Amino acid sequence: MFSSLLLCLLSSRDVFAQGTELLKLYAPTTGSLCPDITRNPLLREFTPETQALHPRESTYISTRESTVIPKAWEDWLGTGSQIGYDVSVLSKNFSRVGIAFSGGGFRAAQYSAGVTSALDARNSSAKSAGTGGFLQVASYISGLSGKLNHPCGSWFTGSLYLNDFATIPELVHGNGKDRTGWLLDLGLFLPAGLNILDDKNTLFFQSVVTSVVAKSSTGIDTSITDAWSRMLSYHFLNQTSRANFFTDQSSHGAGQLWSNLPRNPMFEEYNVPLPLIVFDSRPSGVKLDGYTPHNIPVYEVSPFEMGSWDPSLSAMANLTHIGTHLSNGKPDNDTACVTGFDQAGFVIGTSSSLFNILLDKGQNLFEGWGEKDSAALGRLISMLLASIETRAKDVANWPSPFNSIKSNTYIDTNARWLELIDGGLNLENVPLGPLLVNSRGVDFILAADASADTHDSWPNGTSPINTILRLNNILPSSHKKFPPIPATPDDFVSMGLNTRPTLFGCDPASTSNPEYPLVLYLPNAPPLTGEKPVSNSNTFKLSYSSHHTHLFLDQVHANTIGGFKPGTNSPDPDWPKCLQCAAVDRGRMKLSPAVPRSEFCTKCFKQYCYDPANPQSVSQLPNRVLKFGGPDGSFFEEHKAVIIGVSVGGALFFIIVFACW
Ligand SMILES: *[C@@H]1O[C@H](CO)[C@@H](O)[C@H](O)[C@H]1NC(C)=O
Ligand SMILES: *[C@@H]1O[C@H](CO)[C@@H](O)[C@H](O)[C@H]1NC(C)=O
Ligand SMILES: *[C@@H]1O[C@H](CO)[C@@H](O)[C@H](O)[C@H]1NC(C)=O
Ligand SMILES: *[C@@H]1O[C@H](CO)[C@@H](O)[C@H](O)[C@H]1NC(C)=O
Ligand SMILES: *[C@@H]1O[C@H](CO)[C@@H](O)[C@H](O)[C@H]1NC(C)=O
Ligand SMILES: *[C@@H]1O[C@H](CO)[C@@H](O)[C@H](O)[C@H]1NC(C)=O
């Protein structure tokens, strides 16, 4: 094996010598002139009490809510008579809406896409059902990737925005013109198939490496996350087609910056919700494999800034200049500034930087693998990592803009580099945190959960349960509360709440100032019709036939439109209207004088709300098939070879990138 590796490395060097300018756009620009920070600070600090949004975020949200969203509500709800309201009265106070997409690899990316298609006014079946229109009234969308070990929302969210908020069929399957689709049939690590040394695979590796090397040659540390980010860019950004996949005629998304989003016409016209991407962190110098405790800071990236609302940090840094090391808010000198670090692929790659868990040899990462196999893989990867002597290679390395601030509370105050990792590693796989920040004032949250918690890769409530723990223990001063939910995953499952849409927080104590938002929990669930599910595929499934993707999206679409009818396998024709009831409920409550909940909506809430005093039961949801029935058969049996190939390919990759350079 190692002799062929050597060959591969040698041929890599030739290619690097020639170089390809487009791929090198991945490299940030270092040594640029810094702005005058006395007039334009690159860092803003606050406390939970003085917490405020970036002025451009406030302006974006208030402008969108006063110009674009009112028309979207009217387009969605009409006069409101179908749900027993008068929209001209409700319109004085519409709820502020946020959507959170969970992590979980290609599965979660497709789940998020299926849900989105069912909420999109541009999708004719969603529109005629009555759910289509919800997407258009949202102010925020948050995403993160996901813990790989249990079998990705940031992939979806990133892709949506970097493809001009295209409709789902165009985004996922392409349109034969400017939209190239996700190309999920071309594997993530080995797009040309299992033969690692196939010419096309080698070309692909070389192109990826060219970008990463261009970055590292600026003096900025790189890691496996950079390679990972580049590979994701081939699928989720817009510059890679089937025709140019194995060529260097495209930048493959290199040079597309997150901080450029606001210059896109869809932002200039306030046409889209604001995207927020979540990362977890590993305190510098601390060895933490797998699970990340709740007290460790969680970071987010908006189109304007990067930072944390956690009370211990409470600071945000300018995104255009992210990658610049700041000490006490100051760059090292006047020409020490960096731009171009916020590569869109790197943002979504950081959010899913999960290589550190591969190192946790104690975990049986691969479903279906014996302890021995996964321990062996763990050893292999550790060995590779050990041979790399520079900075933490198993995380995303971000030069810290927060050095020397908040020294009493901030765990990384002495760090020059931040070590950022997958946003789901603290078990909050649904990125609810950003939507609960006090100053964002979100009233209604749709939480789309495609976690793979149960044996059959369905969610079981672990994520919202962890969100509550973190809110109560770490964030009581900076974030809103979360409504009551069952205390354990067992309760979630026995009440059937992981198998149907459920509203949490329907009746807060205060109606004028509700103590928590209303939350719609929308779990990835078996088809309500009793058909075999295709949406609970393993997180490790790293390629999908287009047939499977079509079935997947259609199943999720049908479930999202369908709600449930207790004791049956039929969709609930009232569900789309119940969603409308839920979406307007907080705004209605806050009106003075308050408008009472309509009779129709009261009926909806009775069926869809979680009521701790009258818990529901999974027996209301008969004949749901839990076992995966996808077209590709039992995941592990058919894909053991692919998994091994992918693992070895990834490991090989590692060597090429880091041992050699
Ligand atoms: C609506 O979404 C479904 C599921 O994603 C898709 O099959 C269908 O083609 C979409 N319809 C339109 C008009 O986009
Ligand atoms: C890709 O998206 C970026 C940002 O939206 C846009 O500027 C560019 O023109 C797009 N490129 C292609 C090939 O569609
Ligand atoms: C970031 O800094 C640059 C330079 O001072 C400034 O032009 C830009 O507006 C800042 N961006 C944000 C979102 O504050
Ligand atoms: C400015 O800071 C950068 C980064 O720390 C360093 O590489 C460079 O040598 C410094 N330049 C001067 C003129 O001190
Ligand atoms: C719920 O999911 C977690 C993993 O996220 C798992 O450890 C636990 O065993 C599951 N519990 C149930 C009841 O499914
Ligand atoms: C809308 O809700 C806010 C509270 O969020 C309240 O202060 C305001 O009075 C309400 N507006 C109207 C017109 O009722």
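Computed from a predicted model, the values in this text were never measured in an experiment. Keep in mind that the numbers below use all heavy atoms, side chains included, and drop hydrogens, waters and symmetry copies.
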Any chance you could measure [X], atom [atom1], to [Y], atom [atom2], to the nearest 0.5 Å?
X: Q239; Y: L162; atom1: CD; atom2: CG; answer: 9.0 Å
X: N614; Y: S617; atom1: CG; atom2: OG; answer: 13.0 Å
X: F600; Y: K577; atom1: CZ; atom2: NZ; answer: 4.5 Å
X: L427; Y: N466; atom1: CG; atom2: CG; answer: 4.5 Å
X: L160; Y: T167; atom1: CG; atom2: OG1; answer: 10.0 Å
X: F552; Y: Y544; atom1: CZ; atom2: OH; answer: 5.5 Å

[X] and [Y]: which non-hydrogen atoms are nearest, and at how many Å?
X: D449; Y: S463; answer: OD2-CB, 4.1 Å
X: I561; Y: A126; answer: CD1-CA, 4.0 Å
X: L432; Y: I445; answer: CD2-CG2, 3.7 Å
X: S102; Y: A108; answer: O-CB, 3.6 Å
X: P576; Y: P573; answer: CD-O, 3.5 Å
X: S451; Y: R107; answer: C-NH2, 3.9 Å

Are [X] and [Y] close enough that some pair of their side-chain heavy atoms sits under 4.5 Å apart?
X: H550; Y: V172; result: no
X: T502; Y: L520; result: no
X: F165; Y: N271; result: no
X: D456; Y: P526; result: no
X: L518; Y: P483; result: no
X: S95; Y: D585; result: no
X: V618; Y: V493; result: no
X: S142; Y: T157; result: no

| Stepwise side-chain hydrogen bond (donor to acceptor under 3.5 Å, both in side chains) test for H173 and S546 | CA-CA 8 Å; H173 304 294; S546 116; 5.3 Å; no

Would you please classify the geometry between the [Y] ring and the [X] ring as parallel, tilted or perpendicular, with 30° and 60° separating the classes?
X: W76; Y: F134; value: perpendicular
X: H252; Y: F245; value: tilted
X: F492; Y: Y521; value: perpendicular
X: F564; Y: Y608; value: perpendicular

| Test log, rule side-chain contact (heavy atoms from CB on, under 4.5 Å), inputs K532 and K627 | CA-CA 7 Å; K532 284 190 194 163; K627 196 170 174 323; over 6 Å; no

| Would D198 and K200 count as a salt bridge (Lys or Arg N to Asp or Glu O under 4.0 Å) if you check the C-alpha gap in whole Å, the side-chain angles of each, and the deciding distance to 0.1 Å? | CA-CA 5 Å; D198 177 285; K200 283 180 166 172; over 6 Å; no

| said: Check C601 against C578 for me: are their SG atoms closer than 2.5 Å? | reply: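 Their SG atoms do not fall under 2.5 Å; no disulfide, then.
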
| request: Would you indicate whether C581 and C604 have their SG atoms under 2.5 Å apart? | output: no

| task | Take S535 and N524, measure what side-chain hydrogen bond (donor to acceptor under 3.5 Å, both in side chains) needs, and give me the verdict at the end. | result | CA-CA 7 Å; S535 67; N524 182 24; 2.8 Å; yes

| field | Intermediate values then yes/no, side-chain hydrogen bond (donor to acceptor under 3.5 Å, both in side chains), Q555 and E531 | value | CA-CA 9 Å; Q555 240 178 39; E531 285 166 273; 5.0 Å; no

| message | Quick one: does any side-chain atom of W458 pair with a main-chain N or O of T499 as donor and acceptor, under 3.5 Å? | response |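 Not confirmed, W458 side chain does not pair with T499 backbone.
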
Do [X] and [Y] get their side chains close enough for a donor-acceptor pair, meaning under 3.5 Å?
X: Q136; Y: D120; result: yes
X: N460; Y: N498; result: no
X: S125; Y: H557; result: yes

| task | Start with the C-alpha distance between Q580 and Q82, add both sets of side-chain angles, then the distance that settles side-chain contact (heavy atoms from CB on, under 4.5 Å), and finish with yes or no. | result | CA-CA 10 Å; Q580 299 177 356; Q82 76 283 7; 2.8 Å; yes

| field | For F156, the option from Y111, Y161, W182 that meets side-chain contact (heavy atoms from CB on, under 4.5 Å) | value | W182

| task | Quick one: do T488 and D490 satisfy side-chain hydrogen bond (donor to acceptor under 3.5 Å, both in side chains)? Show the steps, please. | result | CA-CA 5 Å; T488 67; D490 282 309; 4.9 Å; no

| Restricting to pairs with a member in residues 127-138, which pass salt bridge (Lys or Arg N to Asp or Glu O under 4.0 Å), not counting sequence neighbours? | D75-K127

| message | Would D164 and R179 count as a salt bridge (Lys or Arg N to Asp or Glu O under 4.0 Å) here? Give the steps. | response | CA-CA 10 Å; D164 305 320; R179 304 281 155 234; 2.7 Å; yes

| task | Show your reasoning for whether ring pair (Phe, Tyr, Trp, His ring centres under 6.0 Å) applies to F504 and Y610. | result | CA-CA 6 Å; F504 293 105; Y610 168 62; 5.5 Å; yes

| said: I'd like to know whether D507 forms a salt bridge (Lys or Arg N to Asp or Glu O under 4.0 Å) with R597, so could you lay out the CA-CA distance, the side-chain angles of the two residues, the decisive distance to 0.1 Å, and finally the verdict. | reply: CA-CA 11 Å; D507 296 295; R597 195 174 278 159; 3.1 Å; yes

| message | With side-chain contact (heavy atoms from CB on, under 4.5 Å) as the criterion, how do D443 and V97 come out once you've worked through the C-alpha distance, each side chain's angles and the decisive distance to 0.1 Å? | response | CA-CA 6 Å; D443 297 305; V97 172; over 6 Å; no

| query | Under the side-chain contact (heavy atoms from CB on, under 4.5 Å) criterion, do T180 and R242 qualify, and how do the steps go? | reply | CA-CA 8 Å; T180 52; R242 212 170 277 283; over 6 Å; no

